[in-house]
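What follows is a single structure, written as structure tokens, with notes after it.
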Amino acid sequence: MDMDSIVSLCKRRGFLFQSSEIYGGLQGFWDYGPLGVELKRNVKEAWWRDMVSCHDDMNTLEGAPSPYSMEGLDCTIIMHPQVWKCSGHYDLFHDFMVDCKETKKRYRHDQLNGRWVEAKDKKVFVTAAAGDDELEVMTKRALKFYNLRNKNIDDLKWDGDSTCLTEIEDLSQVLGPDAKELGTLTEPREFNLMFKTYVGALSGEEGAAFLRPETAQGIFVNFKNVLDSTRHRLPLGIAQIGKSFRNEITPRNFTFRSREFEQMEIEFFCHPDESQKWYQFWRDRRVAWYNELGIDMKKMILREHTPDELAHYSIGTADIEYQFPFMAEGEFGELEGVSHRGDFDLRSHMEGKLDEKTNPLEVQLGEDGKPKWKGSGKDLSYRDNLTNEKYTPHVIEPSAGADRATLAFLCDAYRVDEQPDDKGKMQKREVLKLHPRLAPIKAAVFPLVKKDGMPEVAKDVYLKLKKDFKVFYDEKGAVGRRYRRQDEAGTPYCITVDGQTLDDQTVTIRDRDTLEQVRVKIDEVSNIVKERIEG
RNA sequence: GCGGGUGUAGCUCAAUGGCAGAGCUCCAGCCUUCCAAGCUGGUGGUGAGGGUUCGAUUCCCUCUACCCGCUCCA
């Protein structure tokens, strides 16, 4: 199975188009066509129903420590700029960063200075964080690198003054500020770029705002509102589906990495002592959800982050990943991340942005000794009215990509098999074996031939079904061709009016996957299709 | 971000410094009583801009998009 065939089918049948295609397209942006929009809506609706509106809050779900509540939310895309300062997104926005592959530390590209130095026939660029004692630090680091003693300090031949790392093009001879080896710094890169816009008529910096890079922050800043207006006790999950925007450097792989995309996120607030159990619950529950909707478990993995990948305040983060056809053998792409975020977010919005590196977490201070980014000052902690205990809840965050899930469902459903044609000869068939809940069109209605009054009866059946489902009517051409067209659209059921219908008011229902037909009464069609879709 | 490749009809692919072609699809009609290729007819195209040229889809440049590899992936 190759991605080109899937992309081709998506275009041909109207699942996905390139954005602004007539103008040459725009990198990282995609449009959903008539079938695609139905599919994606069904994905989102399945998530919302299963996680939120049909959630059973009376009973303890399998694997859960206790019953819990769920509510939904729909926040704006543009929020107060301070939100992104306290969330940490803003700091990562402005600047080019370099990462050290050896120490895993990250530096602002323009805040590292260095000097060329030569000794033992080797010339390197020694760096240090820009500051008052940088020359001293560089000297110490150079001595250590060349394995020289203080008394041999004159062996170091300096070439030029302290210069900014931004002046250096080739990083292979650069010694990172904390590294032991040369060339461990990555190329400078902007990441986590937020799209910037301006609120109000003035386009000055005072009106600067950002399109949200995630929906999660809207939930954190509304935590108290939701709690106060719903009278829920914890544990409580708050869910949101909505567009997010990230100015990705390298959008690629169809819709997998887009600059405008839709997220389905839950922030689950619970008592710190129970957060680990809830983390495990959500991780397993979310994997099971993809499975229930038909994703082949052999193509999915749950990848737990290793301890050194985790922020220290986090008990765990797991990526739910799918083996997309455009990825190399053995590689997977992230569909959803489930992470334990501790109280980092709520406290950052209360006290000011916390410093992820501190343990226990402390507010990150600016050069003036005051909080670098001031929080709201509002109390976002929780008082349990039964126990009278007051605490800042811990958060489990299952964060899924709606577009990635849609793409995974598409890829997973795509098959090419062989089925006989009207002469019994085997022919190639492209089919989307989508779960009936996700299928854009639930059923198609055909008259077997376009005469003998069959179209009239078929149209009646069509209009009846249309009250309940997205259905499609087609009377053109041979019936076999119509079946195949629906196979490509992923339509699970085709209802055919034939000669016998006119005698006994029955029709056949043809199954997309087995090609088997059953004959049922017209009056029962709607209920039978409904039963099959809901499984 | 770097290197390489590609861009011709809805799809798959031809051809050409001088009227751009096929198959499939699609549409209309005929035929057709259950799994696409029966008949007739029809619609429809050189990614964008600039240059060279009497004339450019073809040669050159720029842009753009997609694919592959590397890098990266909050």
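Just so you know, these numbers come straight off a predicted model, no measurement behind them.
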Under 4.0 angstrom, heavy atoms only, what part of the nucleic acid is [X] near: base, sugar-phosphate, or nothing?
{"X": "A:Glu248", "result": "base"}
{"X": "A:Thr496", "result": "base"}
{"X": "A:Glu430", "result": "nothing"}
{"X": "A:Arg429", "result": "nothing"}

Return each pair, listed once, that meets ring-ring contact (aromatic ring centres under 6.0 Å, His included) where at least one residue sits in residues 322-358 of chain A; pairs must be two or more places apart or across chains.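 Matches after skipping sequence neighbours: A:Phe256-A:Phe324, A:Phe256-A:Phe326, A:Tyr313-A:Phe344, A:Tyr322-A:Phe324, A:Phe324-A:Phe326, A:His340-A:His394.
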Residue [X], side-chain atoms from C-beta onward, closest of [options]:
{"X": "A:Val449", "options": "B:rU33, B:rC34, B:rC35", "result": "B:rU33"}
{"X": "A:Thr508", "options": "B:rC35, B:rU33, B:rC34", "result": "B:rC34"}
{"X": "A:Lys450", "options": "B:rU33, B:rC35, B:rU32", "result": "B:rU32"}

>> Could you check whether any side-chain heavy atom of A:Arg429 comes within less than 4.5 Å of a side-chain heavy atom of A:Leu515, counting everything from C-beta outward?
In response: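 Yes - at least one pair of side-chain heavy atoms lies under 4.5 Å apart.
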Are side-chain heavy atoms of A:Ser348 and A:Gln364 found at a separation under 4.5 Å?
->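 No, every pair of side-chain atoms sits at 4.5 Å or beyond.
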Take atom [atom1] of [X] and atom [atom2] of [N], then tell me their distance rounded to the nearest Å.
{"X": "A:Arg484", "N": "B:rC26", "atom1": "CZ", "atom2": "P", "answer": "13 Å"}
{"X": "A:Glu21", "N": "B:rC11", "atom1": "CD", "atom2": "C1'", "answer": "13 Å"}
{"X": "A:Arg510", "N": "B:rC34", "atom1": "CZ", "atom2": "C1'", "answer": "10 Å"}
{"X": "A:Met426", "N": "B:rA36", "atom1": "CE", "atom2": "P", "answer": "10 Å"}
{"X": "A:Gln517", "N": "B:rU33", "atom1": "CD", "atom2": "P", "answer": "16 Å"}
{"X": "A:Arg482", "N": "B:rA36", "atom1": "CZ", "atom2": "C1'", "answer": "12 Å"}

Please measure how far the [atom1] atom in [N] lies from the corresponding atom in [M], and state the result in whole Å.
{"N": "B:rA65", "M": "B:rC27", "atom1": "C1'", "answer": "30 Å"}
{"N": "B:rG29", "M": "B:rC34", "atom1": "C1'", "answer": "23 Å"}
{"N": "B:rG10", "M": "B:rU52", "atom1": "C1'", "answer": "35 Å"}
{"N": "B:rU43", "M": "B:rG7", "atom1": "P", "answer": "27 Å"}
{"N": "B:rU6", "M": "B:rA15", "atom1": "P", "answer": "14 Å"}
{"N": "B:rA9", "M": "B:rA48", "atom1": "P", "answer": "11 Å"}
{"N": "B:rC63", "M": "B:rG5", "atom1": "P", "answer": "16 Å"}
{"N": "B:rG44", "M": "B:rU25", "atom1": "C1'", "answer": "11 Å"}

Paired with [N]: which nucleotide, if any, by Watson-Crick or G-U wobble criteria at under 3.5 Å for both distances?
{"N": "B:rU40", "result": "B:rA28"}
{"N": "B:rC34", "result": "none"}
{"N": "B:rC66", "result": "B:rG5"}
{"N": "B:rC59", "result": "B:rG51"}
{"N": "B:rU46", "result": "none"}
{"N": "B:rC11", "result": "B:rG23"}

Please determine, by modelled atom types, if [X] and [Y] share a side-chain donor-acceptor pair under 3.5 angstrom.
{"X": "A:Asp498", "Y": "A:Thr496", "result": "no"}
{"X": "A:Gln217", "Y": "A:Ser87", "result": "no"}
{"X": "A:Arg519", "Y": "A:Gln500", "result": "yes"}

Please tell me which of A:Glu334 and A:Gly499 maps to the more 5' nucleotide of RNA chain B, matching each residue to the nucleotide holding its nearest heavy atom.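 Upstream on the strand: A:Gly499.
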Checklist entry - Parallel, tilted or perpendicular for A:Trp84 and A:His89, by the 30°/60° rule? => result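 Judged by the thresholds at 30° and 60°, the geometry between A:Trp84 and A:His89 is perpendicular.
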>> Syn if the chi torsion is within 90° of 0, anti otherwise; quick check, which is B:rC61?
In response: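 You should classify B:rC61 as anti.
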| task | Nearest 0.5 Å please: distance from the CG atom of A:Leu465 over to the NZ atom of A:Lys442. | result |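 It is 13.0 Å, given to the nearest 0.5 Å.
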Checklist line | From CD (A:Glu331) to CD (A:Glu321), nearest 0.5 Å | finding: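 Rounded to the nearest 0.5 Å, the CD-CD separation comes to 10.0 Å.
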Please write out the pairs of protein N or O atoms and N or O atoms of nucleotides 39-44 of chain B separated by less than 3.5 Å, giving the distance to one decimal.
none

- Item | Under 3.5 Å donor-acceptor pair, A:Asp498 side-chain atoms to B:rC34 base atoms |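 Such a pair exists between side chain and base.
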Is any NZ, NE, NH1 or NH2 atom of the basic residue among A:Arg510 and A:Asp487 found under 4.0 Å from an Asp or Glu carboxylate oxygen of the other?
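Yes, this pair counts.
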Residue pairs, two or more places apart or on separate chains, that pass side chain to side chain donor-acceptor pair (under 3.5 Å) and touch residues 18-29 of chain A: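 Applying side chain to side chain donor-acceptor pair (under 3.5 Å) to every pair that reaches into residues 18-29 of chain A, excluding sequence neighbours, yields A:Lys11-A:Glu21.
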Task: salt bridge (Lys or Arg N to Asp or Glu O under 4.0 Å) partners of residues 398-411 of chain A, not counting sequence neighbours, each pair once - done: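 The answer is A:Lys40-A:Asp403.
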ask   = A:Lys11 side chain N/O closer than 4.0 Å to the phosphate oxygens (OP1, OP2) of B:rC11?
value =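 Yes, such a contact exists.
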Protein-nucleotides 63-67 of chain B N/O pairs under 3.5 Å:
{"from": "B:rU64", "atom 1": "O2'", "to": "A:Gly24", "atom 2": "O", "distance (Å)": "3.3"}
{"from": "B:rA65", "atom 1": "OP1", "to": "A:Gln27", "atom 2": "N", "distance (Å)": "3.3"}
{"from": "B:rA65", "atom 1": "O4'", "to": "A:Gly24", "atom 2": "O", "distance (Å)": "3.0"}
{"from": "B:rA65", "atom 1": "O3'", "to": "A:Gln18", "atom 2": "NE2", "distance (Å)": "2.8"}
{"from": "B:rA65", "atom 1": "O2'", "to": "A:Gln18", "atom 2": "OE1", "distance (Å)": "3.4"}
{"from": "B:rA65", "atom 1": "O2'", "to": "A:Gln18", "atom 2": "NE2", "distance (Å)": "2.7"}

Can you spot which of A:Tyr473, A:Tyr493, A:Tyr483 makes a ring-ring contact (aromatic ring centres under 6.0 Å, His included) with A:Phe446?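 Running ring-ring contact (aromatic ring centres under 6.0 Å, His included) over A:Tyr473, A:Tyr493, A:Tyr483 with A:Phe446 returns exactly one hit, A:Tyr483.
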Grab the N/O contacts between the protein and nucleotides 22-25 of chain B below 3.5 Å, and write none if there aren't any.
{"from": "B:rU25", "atom 1": "OP1", "to": "A:Arg481", "atom 2": "NH2", "distance (Å)": "3.3"}

ask   = Above 12 or not: heavy atoms from other molecules or residues under 6.0 Å from NZ of A:Lys44?
value =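 Count over threshold, so yes.
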